[in-house]
There are 2 protein chains.
Amino acid sequence: MRALPSDEVLEKIADVLKALADPTRLRILHVLQDGELCVSDILGHVGGSQANVSKHLSVLKRAGLVGCHREGLNVFYHISDDGVFAICRNVCDSLQIRLDRERETLAEARSRMDTGTGSPD
Amino acid sequence: MRALPSDEVLEKIADVLKALADPTRLRILHVLQDGELCVSDILGHVGGSQANVSKHLSVLKRAGLVGCHREGLNVFYHISDDGVFAICRNVCDSLQIRLDRERETLAEARSRMDTGTGSPD
DNA sequence: CGGCTATATTCCTCGATGATTATAAAGGAG
DNA sequence: CTCCTTTATAATCATCGAGGAATATAGCCG
């Protein structure tokens, strides 16, 4: 049998995933994909209140997914862990595969109905 | 500028990530990696109360990550989306990279202290 | 049918989290 | 210094999710 990862490792993984598991934060990461932006720019892209976006940014920073530096009045945020995009791509791939499978299942079910082969309730 | 993914897509991604973002569920997925198991077996591996594990299993099922079928009294669960392991691997890779980077930073800081080059308070 | 086992579900509590509002802090302009 | 802009941080409230205890459901055996 395979050894279980330690609780500590599992919690760290879960923490990163928790930080990712929010639509607003995913949107923020997405707009940062093309390069660093200051908070007001991010605000313009993702909408919502300034305080809310700022908090989401701090969550991402605590999780080590973004970093930031100050330039005068502005604070610029950037992706500090490119791995997030691989993760998102994986999730998207999974979703895509699942949808394809569902569609196939539906198509099969319909063809069975046409030939009268399926469960004939 | 890149187009933003729709809110719907972002929420679906976030939902999958939320289902993943829990140590107990990660452990369950891990023990299922080698093949299907019934609930009592899973219980033996991951610990906790039966009701709790059962609830975590239902979360994973709702998220489409696992599937199950009944055999007599037992219900066997299996991974229904291999993508989860790619995701976990990505997260682990990111964490590893980050730790390596931290260690490097520390090593550099120490060598600077040795040579007296760093911020000399 | 009644008991027994395996699993699911419901109810509850409690701590975590998200959104909003108001306020604080940092830094530039005058 | 005061005023303004940008960002961060409380304070608050509502909601959510995890865990435990009790109960319900499903299927076997007698």
May I have the distance from A:D22 (atom CG) to D:dG17 (atom P), rounded to whole angstrom? 12 Å
By nearest atom, which of the nucleotides D:dG20, D:dA8, C:dA8 is closest to the A:V39 side chain? D:dA8
Closest of C:dT9, C:dT20, D:dA18 to the A:N52 side chain is C:dT20
Please determine if a side-chain N or O atom of B:R70 lies less than 4.0 Å away from the OP1 or OP2 oxygen of C:dA6. no
If the cut-off is 4.0 Å, is B:Y77 near the phosphate of C:dA8, judged by side-chain N/O to OP1 or OP2? yes
Can you tell me the distance, in whole Å, between the CD atom of A:E71 and the C1' atom of C:dA26? 15 Å
With A:L65 as reference, evaluate A:V16, A:L32, A:D82, A:I28 under the side chain to side chain contact (heavy atoms under 4.5 Å, CB included) test and give the passing residue. A:V16
Closest approach of B:C68 and B:K61, non-hydrogen atoms and distance? SG-NZ, 3.4 Å
How are the rings of A:H69 and A:F76 set relative to one another: parallel (under 30°), tilted (30 to 60°) or perpendicular (over 60°)? parallel
Atom CG of B:D41 and atom C1' of C:dT5 are separated, to the nearest Å, by 14 Å
Phosphate contact (D:dT7 OP1 or OP2) by A:N74 side-chain N/O below 4.0 Å: yes
Of the candidates C:dA22, C:dG18, C:dA8, the side chain of A:A51 sits closest to C:dA22
Distance in angstrom units between B:L43 CG and D:dG20 P, rounded: 12 Å
Count the heavy atoms of every other residue, nucleotide or ligand shown that sit under 6.0 Å from NZ of A:K18, and state whether that count exceeds 12. yes
Among C:dA8, D:dT9, D:dG27, which is the nearest nucleotide to the side chain of B:Q50? C:dA8
Among the candidates C:dG27, C:dG18, D:dA21, find the nucleotide nearest to the side-chain atoms of A:L73. C:dG27
For atom CZ of A:R62 and atom C1' of C:dG18, their distance in whole Å: 13 Å
Is any side-chain N or O of A:S40 closer than 4.0 Å to OP1 or OP2 of D:dT7? yes
At less than 3.5 Å, do the side-chain atoms of A:K55 and the base atoms of D:dT7 form a donor-acceptor pair? no
Atom NZ of B:K18 to atom P of D:dA18: distance rounded to whole Å? 11 Å
d(CG, A:L57; P, C:dA19) in whole Å: 13 Å
Which heavy atom of A:S40 sits nearest a heavy atom of A:N74, and at what distance? OG-OD1, 4.5 Å
Of A:G72 and A:R25, the one whose closest nucleotide on DNA chain C sits nearer the 5' end is A:R25
Within the structure, does a side-chain N or O atom of A:H56 lie under 4.0 Å from either OP1 or OP2 of C:dA19? yes
What is the distance, to the nearest angstrom, from the CG atom on A:L17 to the P atom on D:dG17? 16 Å
